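So that the names make sense, note that chain A is the first sequence line, chain B the second, and so on, each numbered from 1. The structure presented is a predicted model; accordingly, all values stated were derived computationally and were not measured.
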Amino acid sequence: MESIFKRYLDNRKIFTRNRQILQSSYIPNELPHRNEEIEQMASVLATALHGDRPSNMMIFGKTGTGKTASVKFLGKELQRVDQTLKNVHFIYMNCEVVDTQYGVLQNIGNQIIIDFEHRIPFTGWSTERVYNILMEKIDEMDKVFIIVLDEIDKLFYKSGDDVLYHLSKMNDDLERSKLSLVGISNDLKFTEFMDPRVRSRLGEEKMVFPPYNAEQLRDILMQRAALAFERDTLEEGVVPLCAALSAQEMGDARRALDMLRISAEIAERNGDDVVTEAHVMKAKNKIELDAISETVRTLPTQSKLVLLSIIVNDDKNNHHMTTGDVYHEYKDLADIVGLSILTQRRITDLISEMDMLGIIHARVKSFGRGGRTKEIELSVPKAETRGILEGDEDLSPLKSYRPATQTTLM
DNA sequence: TGTCCACTGGAAGGGAGGGCTT
DNA sequence: AAGCCCTCCCTTCCAGTGGACA
């Protein structure tokens with residue numbers, strides 16, 4: 001019998017074995033169009049090789065402009081050069097994941113402390129204690145520590161500048177070791193709200209990564225495509241199209257790489273030998289849709305319920321609803337599914353969160369005597385979103401729920 | 001010009017849940 | 001076991017507000 005896998009075997013391969021080269025997390029040996037930036041950062045960080053403290057640095061730039069890749073690249077290089085001297089300890093962390101005071105200190109600590117029984121527990125200790133142990137350990141090692149805080153704005157917005165204050169001050173209290181901070185952010189303005197002392201200490205050096213243009217994106221894609229694809233598997237227009245589409249999206253290289261990879265995956269799954277521009281367009285749609293459904297799917301249950309309330313309102317031809325409208329509907333729905341009913345104050349926050357995620361659009365508007373409230377609109381496709389929400393177990397009693405008080409305008 | 005609506009969004013704090021310390 | 005600590009999710013309280021309307 002012919003195996004169902006046969007047609008996949010017969011296929012010419014599109015990818016080489018090095019498919020992961022197209023992941024944005026992959027750090028290539030060379031970063032096209034970032035020489036200047038890397039050079040500049042290197043000149044600052046090189047101080048560390050002689051055992052001196054490099055200036056603290058802030059790096060700004062939109063998503064996918066190569067900030068993280070450049071810094072990680074430098075970290076790798078630094079450690080390679082430093083192999084004999086052992087002067088430098090490079091620490092990287094992403095503050096979207098580690099976004100509390102305690103978390104940051106704990107994370108740094110555990111990157112330094114190798115022996116298992118002395119690790120810092122993820123909860124239980126006072127922050128001060130973690131700080132003290134950390135400082136002791138750091139000083140004891142007699143090295144230059146470069147601590148990279150990626151997406152530092154997230155940390156700041158969530159937990160304030162206390163950690164940053166302490167970390168930037170730690171250097172003054174160290175006797176042997178030295179510590180230098182590198183902050184990465186895609187938000188240029190966030191430092192405005194920081195304590196001026198922290199701000200000036202953190203921003204001893206500043207850099208801005210400009211977005212890539214279509215041409216530069218093309219070079220980046222070409223470089224990786226050469227390694228990740230077999231010969232003659234890409235139609236000529238594919239790379240330029242990915243580059244052009246992503247250049248419109250603020251020159252996001254990550255996006256461009258994803259698009260290229262997904263285009264090829266679509267082709268592969270179709271059993272096509274060559275990736276065409278049509279595949280790219282499909283990939284573009286898929287990326288957009290996936291991003292939305294992923295955010296919706298990972299919403300907390302209460303937020304999902306609020307979102308569903310917004311959809312139900314929209315169903316009632318109420319396309320511009322207020323917080324009050326949503327809250328009314330929400331209470332009904334929560335009652336049906338047997339979820340505790342939160343206060344309106346809390347719902348206001350959930351609405352704002354979803355606004356920030358781009359799932360809905362909410363703006364404060366005054367209706368004169370009608371009061372001042374948020375006007376809320378749905379900004380995701382309704383049918384798909386409803387489908388996702390109904391897939392949530394906690395919301396299953398609401399499957400195909402339609403409001404009893406359906407107001408029809410006809 | 002003032003009133004007044006329907007919230008907004010800050011502040012403070014409670015309590016549950018994780019886990020350490022003694 | 002009792003006493004801590006830190007974070008997360010949430011409540012309570014409330015001063016503040018843009019603008020239609022009287």
Under a plain distance cut-off of 3.5 Å, with no hydrogens placed, do [Y] and [X] share a side-chain donor-acceptor pair?
X        : Y        : answer
A:Lys154 : A:Ser185 : no
A:Asp142 : A:Ser177 : no
A:His50  : A:Asn87  : no

Side-chain N,O ([X]) to OP1/OP2 ([N]) below 4.0 Å:
X        : N      : result
A:Arg372 : B:dT8  : no
A:Arg129 : B:dT21 : yes
A:Trp125 : B:dT21 : yes
A:Lys158 : C:dC8  : yes
A:Thr343 : C:dC10 : no
A:Thr100 : C:dT7  : yes

Backbone N/O of A:Gly358 and side chain of A:Ser379: donor-acceptor pair under 3.5 Å: yes
Please work out if [X] contacts a base, only the sugar-phosphate, or nothing of the nucleic acid, heavy-atom cut-off 4.0 Å.
X        : result
A:Leu105 : nothing
A:Ser366 : base
A:Lys365 : nothing

On DNA chain B, nearest-nucleotide positions of A:Gly368 versus A:Thr123: which is more 5'? A:Gly368
A:Tyr102 side chain: which of B:dC7, B:dC20, C:dC6 is closest? C:dC6
Atom-pair distance ([atom1] on [X]; [atom2] on [N]), nearest Å:
X        : N      : atom1 : atom2 : value
A:Phe367 : C:dG19 : CZ    : C1'   : 11 Å
A:Ile120 : C:dC5  : CD1   : P     : 18 Å
A:Arg363 : C:dG19 : CZ    : C1'   : 16 Å
A:Arg345 : B:dA6  : CZ    : C1'   : 14 Å
A:Gln101 : C:dC8  : CD    : P     : 11 Å

5′-ward residue of the pair A:Ser126/A:Asp99 relative to DNA chain C: A:Ser126
Would you please indicate if the ring centroids of A:His166 and A:Tyr131 are separated by under 6.0 Å? yes
